[in-house]
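Data first, discussion second: the structure below is written as structure tokens.
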Amino acid sequence: MVSQQQLLQAFDSLLQPERFKDYGPNGLQVEGKQEVRRIVSGVTASRALIEAAIAERADAVFVHHGLFWRGQDGRVTGWMKHRLALLLAHDISLFAYHLPLDAHPELGNNAQLGRKLGLDGSGCFGEQNLGWLGQRADGASFASGLELEIHLKNVLNRPIARVDGCFGAIKNIAWCTGGAQGYFEAAIAAGAQAFITGEISEPQAHYARECGVSFFACGHHASERYGAPAVAGHVANQLGLEHLFIEIDNPA
Ligand SMILES: [Zn+2]
């Protein structure tokens, strides 16, 4: 058992949130009980995740997408009321780390997605250096965009949106988890032949075709499933806590 403050310090020293300009507060977002024995991790602090954490008798929840974002109007009504009411009624702390969780060099979303896909990172690109560049860990190339799509589909177990731009073999791959379609132009400038992220918007299909770089959208949730359990599991291990990752499926 550790104090909530010790747990916060462990997350903060691992993820160093002070290094990022983010869209919401990182760290302890909702204060629960002072002593923590059991952590549940998940991608998003949704009502389903909070209910699952309650059923698992968690003292703290660790997520990538917390409750508070820039641009919200600040009212505690509707879904916000229900999520907060559940956390407060059960005295469960909510820890949320957004960009710092994407970026951690070994345990973050990008590092973990790369590992899952068999990619070795060799450099970074884009705003706040959040994008990763690399190649297959086995040194081989994907023979085509279709071959890379099939690989992504098999590993992530979901349909992939593919727009071909590069029609030869694909060796240099850029990736950035979540809603990072806005990183595509930086990936093109960095010399990638393919870019993998969670979401696609309308302009990226044209950039892919016009710039000769293929685009793969794997799902925001699917691309960000691996950082939270890696970080929460690491910290739980370090502090002797119980940890459980709960997957709440999301097709988006
Ligand atoms: Zn995200």
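What you are looking at is a predicted structure, and each value in this text was computed from that prediction instead of being measured. Numbering of ligands and ligand atoms starts at 1, following listing order.
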side-chain hydrogen bond (donor to acceptor under 3.5 Å, both in side chains) against Glu224, all qualifying residues, sequence neighbours excluded: His64, His65, Thr177, His220
Residues which pass salt bridge (charged side-chain N to carboxylate O under 4.0 Å, His left out) with Glu247, listed by chain and number, not counting sequence neighbours: Arg225
Basic-acidic side-chain contact under 4.0 Å: Lys33, Asp59: yes
Ring-face cation contact, Phe142 with Arg136, 6.0 Å cut, 45° max: yes
Ion pair Arg47/Glu51, N-O distance below 4.0 Å: yes
For the Zn ion (ligand 1): protein N/O/S atoms at distances below 2.8 Å: 3
With Glu127 via salt bridge (charged side-chain N to carboxylate O under 4.0 Å, His left out) - residues at least two apart: none
